[in-house]
Asker: 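Quick one: structure below, then a few questions.
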Amino acid sequence: MKDYFAHSTSTIDDGAVIGQNSKIWHYSHVMPTAIIGDGCIIGQNVFVGSNVKIGDRVKIQNNVSLYEGVLCSDDVFIGPSVVFTNVINPRSYIERKEEFKKTIIEIGASIGANSTIVCGNRIGQYAMIGAAAVVTKEVHPYTLVVGNPAKAIGWVSEYGDRLYFNNDNEAICDRSGDLYILNEGIVNKVER
């Protein structure tokens with residue numbers, strides 16, 4: 001018995017695994033070896049390729065294609081028309097499936113509309129990619145990146161609010177009161 005919703009225009013191939021309470025909307029296609037976690041929302045016209053793994057509570061907006069090699073952790077947000085790649089130097093006449101590179105999106109990260117994520121990179125936990133950014137290298141946890149190529153312009157909390165560090169390299173999220181420490185360009189949340 002299926003315990004998820006799939007719109008009648010979507011295509012769910014046999015063998016795909018879809019978690020409880022997930023919703024798959026109009027004209028989306030989930031390939032046979034894809035895994036989608038619990039409580040996900042897959043927008044209109046989304047393609048989830050073979051061997052793609054999507055964690056729990058992930059929101060993927062309209063017109064996104066996740067090709068083989070994309071691994072997406074829990075609580076990730078992927079905005080409309082985000083582009084993922086899986087080969088660095090594609091040619092239509094050369095088969096390069098053995099060269100697919102992994103793209104790893106860690107827990108809680110957000111990717112803004114119309115961004116491009118070049119394969120082989122990791123987007124750290126709770127990182128935020130600004131709209132239309134082109135990510136060509138690793139993005140560290142809690143980092144805010146924008147532009148083409150994407151460059152770090154600051155840091156964000158788990159709530160997505162900007163973090164401003166004092167002289168002791170500490171910042172407190174206004175919304176949650178959580179404490180963050182900046183050490184050599186890397187941010188960590190302090191558990192209290």
Asker: Please confirm whether the backbone N or O of G130 pairs with a side-chain atom of S115, one donor and one acceptor, at under 3.5 Å?
Answerer: yes
Asker: Just wondering, are more than 12 heavy atoms of other shown residues or ligands nearer than 6.0 Å to CZ in R175?
Answerer: no
Asker: Quick one: do N89 and E99 satisfy side-chain contact (heavy atoms from CB on, under 4.5 Å)? Show the steps, please.
Answerer: CA-CA 10 Å; N89 56 344; E99 297 178 29; 3.9 Å; yes
Asker: Starting from the C-alpha separation in whole Å, work towards a yes-or-no answer on side-chain contact (heavy atoms from CB on, under 4.5 Å) for L66 and V46.
Answerer: CA-CA 8 Å; L66 294 99; V46 171; 4.1 Å; yes
Asker: Can you check whether F165 reaches V187 side chain to side chain, under 4.5 Å on heavy atoms?
Answerer: yes
Asker: Do the non-hydrogen side-chain atoms of V30 and V52 ever get within less than 4.5 Å of each other?
Answerer: no
Asker: Any link between V70 and I41 through a network of hydrophobic side chains (Ile, Leu, Val, Met, Phe, Trp, Tyr) touching at under 4.5 Å?
Answerer: no
Asker: To the nearest 0.5 Å, how far apart are OG in S65 and CG in N45?
Answerer: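 Reported to 0.5 Å precision, the distance equals 7.0 Å.
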Asker: More than 12 foreign heavy atoms under 6.0 Å from OH of Y159: is that the case here?
Answerer: no
Asker: Answer yes or no: is there a side-chain heavy-atom contact under 4.5 Å between F100 and C119?
Answerer: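 In short, these two side chains do not touch, never coming nearer than 4.5 Å.
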Asker: W155 versus H140: any side-chain heavy-atom pair under 4.5 Å?
Answerer: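 W155 does not reach H140 side chain to side chain.
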Asker: Heavy atoms, side chains only, cut-off 4.5 Å: are Y4 and I12 in contact?
Answerer: yes
Asker: Any side-chain heavy atom of K2 sitting closer than 4.5 Å to one from I18?
Answerer: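 They are not in contact (no side-chain heavy atoms under 4.5 Å apart), so the answer is no.
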Asker: Give a yes or no answer on whether the side chain of Q61 reaches the backbone of P80 with a donor-acceptor pair at less than 3.5 Å.
Answerer: no
Asker: Is it possible for you to say whether V135 and I60 belong to one hydrophobic cluster, with membership spreading through side-chain heavy-atom contacts below 4.5 Å?
Answerer: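 The answer is yes; both residues are in one hydrophobic cluster.
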Asker: Heavy-atom distance under 4.5 Å between the side chains of F84 and I111, does that happen here?
Answerer: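 Yes, side chains in contact.
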Asker: Under 3.5 Å, is there a donor-acceptor pair between the side chain of S50 and the main chain of T33?
Answerer: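 Such a contact is absent between S50 side chain and T33 backbone.
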Asker: Aromatic rings Y126 and Y142: how do their planes relate, parallel, tilted or perpendicular, breaks at 30° and 60°?
Answerer: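 Ring orientation of Y126 relative to Y142: parallel.
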Asker: Would you give the length of the straight line joining atom OG of S28 to atom CG of N63, rounded to the nearest 0.5 angstrom?
Answerer: 9.0 Å
Asker: Same cluster or not: V83 versus I78, using hydrophobic residues (I, L, V, M, F, W, Y) connected whenever any side-chain heavy atoms lie under 4.5 Å apart?
Answerer: no
Asker: Do V64 and V48 belong together in a cluster built from hydrophobic side chains that touch within less than 4.5 Å?
Answerer: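 They do share one cluster, since a chain of ILVMFWY contacts under 4.5 Å joins V64 to V48.
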Asker: Assign the ring pair W25 / H7 to parallel, tilted or perpendicular, where the plane angle (0 to 90°) is split at 30° and 60°.
Answerer: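 Aromatic pair W25/H7 classed tilted.
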Asker: If we only count heavy atoms from C-beta on, is the V58 to I105 side-chain gap below 4.5 Å?
Answerer: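 Not in contact.
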Asker: Return yes if some donor-acceptor pair links the side-chain N/O of T103 with the main-chain N/O of N86 below 3.5 Å, else return no.
Answerer: no
Asker: Counting only heavy atoms not in E184, do more than 12 sit closer than 6.0 Å to its CD atom?
Answerer: no
Asker: We want to know whether D38 and Q20 form a side-chain donor-acceptor pair, criterion being a heavy-atom distance below 3.5 angstrom.
Answerer: no
Asker: For the CG atom on D174, are there more than 12 heavy atoms of other groups (residues, nucleotides or ligands in this structure) within a distance under 6.0 Å?
Answerer: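 Atom CG in D174 is not packed in, count stays at 12 or less.
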Asker: Quick check: does any side chain N or O of N51 sit under 3.5 Å from a backbone N or O of E68, one acting as donor and the other as acceptor?
Answerer: no
Asker: Evaluate the side-chain contact (heavy atoms from CB on, under 4.5 Å) criterion for residues I54 and C40: first the C-alpha distance (whole Å), next the side-chain angles of each, then the deciding distance (0.1 Å), finally the verdict.
Answerer: CA-CA 8 Å; I54 297 171; C40 293; 4.0 Å; yes
Asker: I would like to know whether H29 and D13 meet side-chain contact (heavy atoms from CB on, under 4.5 Å); could you show each step before the answer?
Answerer: CA-CA 8 Å; H29 184 182; D13 289 340; 2.9 Å; yes
Asker: Between CD1 of I104 and NZ of K53, what distance do you get to the nearest 0.5 Å?
Answerer: 10.5 Å
Asker: Whether the side chain of N62 engages the backbone of Q44 through a donor-acceptor N/O pair (distance < 3.5 Å, no angle test) should be reported.
Answerer: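 At least one qualifying donor-acceptor pair exists.
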Asker: Has the side chain of D168 got a donor or acceptor atom that lies under 3.5 Å from a matching backbone atom of E170?
Answerer: no
Asker: If you group Ile, Leu, Val, Met, Phe, Trp and Tyr by side-chain heavy-atom gaps below 4.5 Å, do Y180 and L182 land in one group?
Answerer: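 Yes, Y180 connects to L182 through the hydrophobic network.
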